[in-house]
Each structure stands twice: as structure tokens, then as C-alpha cells.
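In what follows, a structure is listed as C-alpha cells, so that the remarks can point back to it.
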Amino acid sequence: MRKYRKSLWERTAVSIAVSSFFGSLCGMVLAMLFSVFVYLFMDNTQFITALALGTLVISGFSGAFLCGKYRRKHGLAEGLVCGTVIFAVLAVFSLIFTGSLPDTGKLIILGLSGAVGGISGVNSKRPEKLMN
């Protein structure tokens with residue numbers, strides 16, 4: 001028998017907020033793992049920029065992929081919005097801890113990786129437990 005409650009993924013704003021939180025959480029976990037890796041195993045700081053770039057790309061992609069996979073529509077636009085929301089979260093934390101805003105290059109990277117993640121999520125296999 002079908003349940004008469006709405007799914008979390010039916011509302012656009014809530015689903016973008018949840019998936020952006022997930023992407024931000026993935027970015028924080030990856031940043032911590034990469035910083036431990038750099039501290040323990042690397043002598044120089046030559047590859048820190050590449051690791052930070054990888055963190056941004058994976059963060060934007062994972063949040064938008066989650067949104068696209070469960071929303072099943074508008075993957076490009078909602079992925080771009082997810083990447084922008086993740087950038088806004090990053091900007092707030094950057095203002096708190098460093099007192100300056102991040103570069104616009106990070107916005108472009110998060111937006112592009114979010115768009116690709118949203119498209120990939122929409123075109124991926126449909127989740128089994130999705131209520132629709």
C-alpha cells in the first residue's frame with residue numbers, strides 16, 4: 001500500500017540543501033584526510049594545490065550527483081545550484097576563519113563539477129527505494 005507522505009526529494013529547495021550539505025561534508029572529510037596524508041607522508045608542499053582542487057571537484061560532484069540521482073530531473077541546473085551553494089558554505093567558513101572570500105575560480109570549479117555530477121546523477125540507475 002502506498003504511503004501518503006511526500007518524499008524529501010520532491011521539494012527542490014530541501015533536496016538542494018540536503019545534497020549541498022552532503023557535498024560540503026564530503027569536502028570537509030576529504031580535506032581532513034588529505035591534510036593527514038600531507039602531514040605524514042609528504043616532505044614538500046608541491047602537490048597541495050592539486051589535492052585542494054581534487055577536494056573541490058569531488059565535493060561539488062558528490063553533492064550534485066546525490067541531488068540528480070534522487071530528483072531525476074533538471075540535472076544540469078540543479079547541479080550548478082548545488083555547486084554554488086557549496087561555494088557559499090565555503091565562503092562563509094572562509095570569512096569566519098581567514099577573513100577573506102575565496103577566489104572566483106573555486107566557484108567555477110564547483111559549478112562545473114556540480115553540473116557534471118547532476119547530469120551523471122540523472123542518467124544513473126534509478127534508486128530502488130525511491131518513492132514516486
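Values in this document were obtained by computation on a predicted structure and should not be read as measured data.
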I need the minimum non-hydrogen distance between [X] and [Y], along with the two atoms involved.
X: Ala64; Y: Gly79; answer: CB-CA, 3.6 Å
X: Thr55; Y: Gly27; answer: CG2-O, 3.4 Å
X: Gly111; Y: Leu80; answer: O-CD1, 3.5 Å
X: Gly63; Y: Cys82; answer: O-SG, 4.4 Å
X: Pro102; Y: Phe87; answer: CG-CE1, 3.7 Å

request  = Test side-chain contact (heavy atoms from CB on, under 4.5 Å) on Val116 and Leu112 and set out the steps.
outcome  = CA-CA 6 Å; Val116 170; Leu112 287 176; 5.6 Å; no

Check whether any side-chain N or O of [X] sits under 3.5 Å from a backbone N or O of [Y] as a donor-acceptor pair, and report yes or no.
X: Lys69; Y: Lys125; value: yes
X: Ser113; Y: Leu110; value: yes
X: Ser15; Y: Thr12; value: yes
X: Ser94; Y: Ala91; value: no

Shared hydrophobic cluster for [X] and [Y] (ILVMFWY, side-chain gaps under 4.5 Å):
X: Leu30; Y: Leu51; result: yes
X: Met42; Y: Met32; result: no
X: Val92; Y: Leu101; result: no
X: Tyr39; Y: Phe34; result: yes
X: Leu53; Y: Phe47; result: no

Is there a side-chain contact between [X] and [Y] in this structure, where contact means two heavy atoms from C-beta onward sitting under 4.5 Å apart?
X: Val38; Y: Ile48; result: yes
X: Leu56; Y: Leu90; result: yes
X: Phe22; Y: Ser62; result: yes
X: Leu25; Y: Met28; result: yes
X: Cys67; Y: Arg72; result: no
X: Val85; Y: Val81; result: yes
X: Ser19; Y: Phe65; result: no

message = With a sphere of 6.0 Å drawn around CZ of Phe21, does it hold more than 12 non-hydrogen atoms of other residues, nucleotides or ligands?
response =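 At most 12 heavy atoms, drawn from other residues, nucleotides or ligands, come within 6.0 Å of this atom.
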
ask   = Got a sec, which pairs hit salt bridge (Lys or Arg N to Asp or Glu O under 4.0 Å) with one end in residues 76-85, sequence neighbours left out?
value =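 Applying salt bridge (Lys or Arg N to Asp or Glu O under 4.0 Å) to every pair that reaches into residues 76-85, excluding sequence neighbours, yields Arg71-Glu78.
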
ask   = From Phe61 CZ over to Ile109 CD1, what is the distance, rounded to the nearest 0.5 angstrom?
value =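 If we round to the nearest 0.5 Å, Phe61:CZ and Ile109:CD1 are 15.5 Å apart.
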
query = Between Phe37 and Phe41, how do the two ring planes meet: parallel, tilted or perpendicular, split at 30° and 60°?
reply =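 Taking Phe41 first and then Phe37, their aromatic rings sit tilted (interplane angle of 30° to 60°).
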
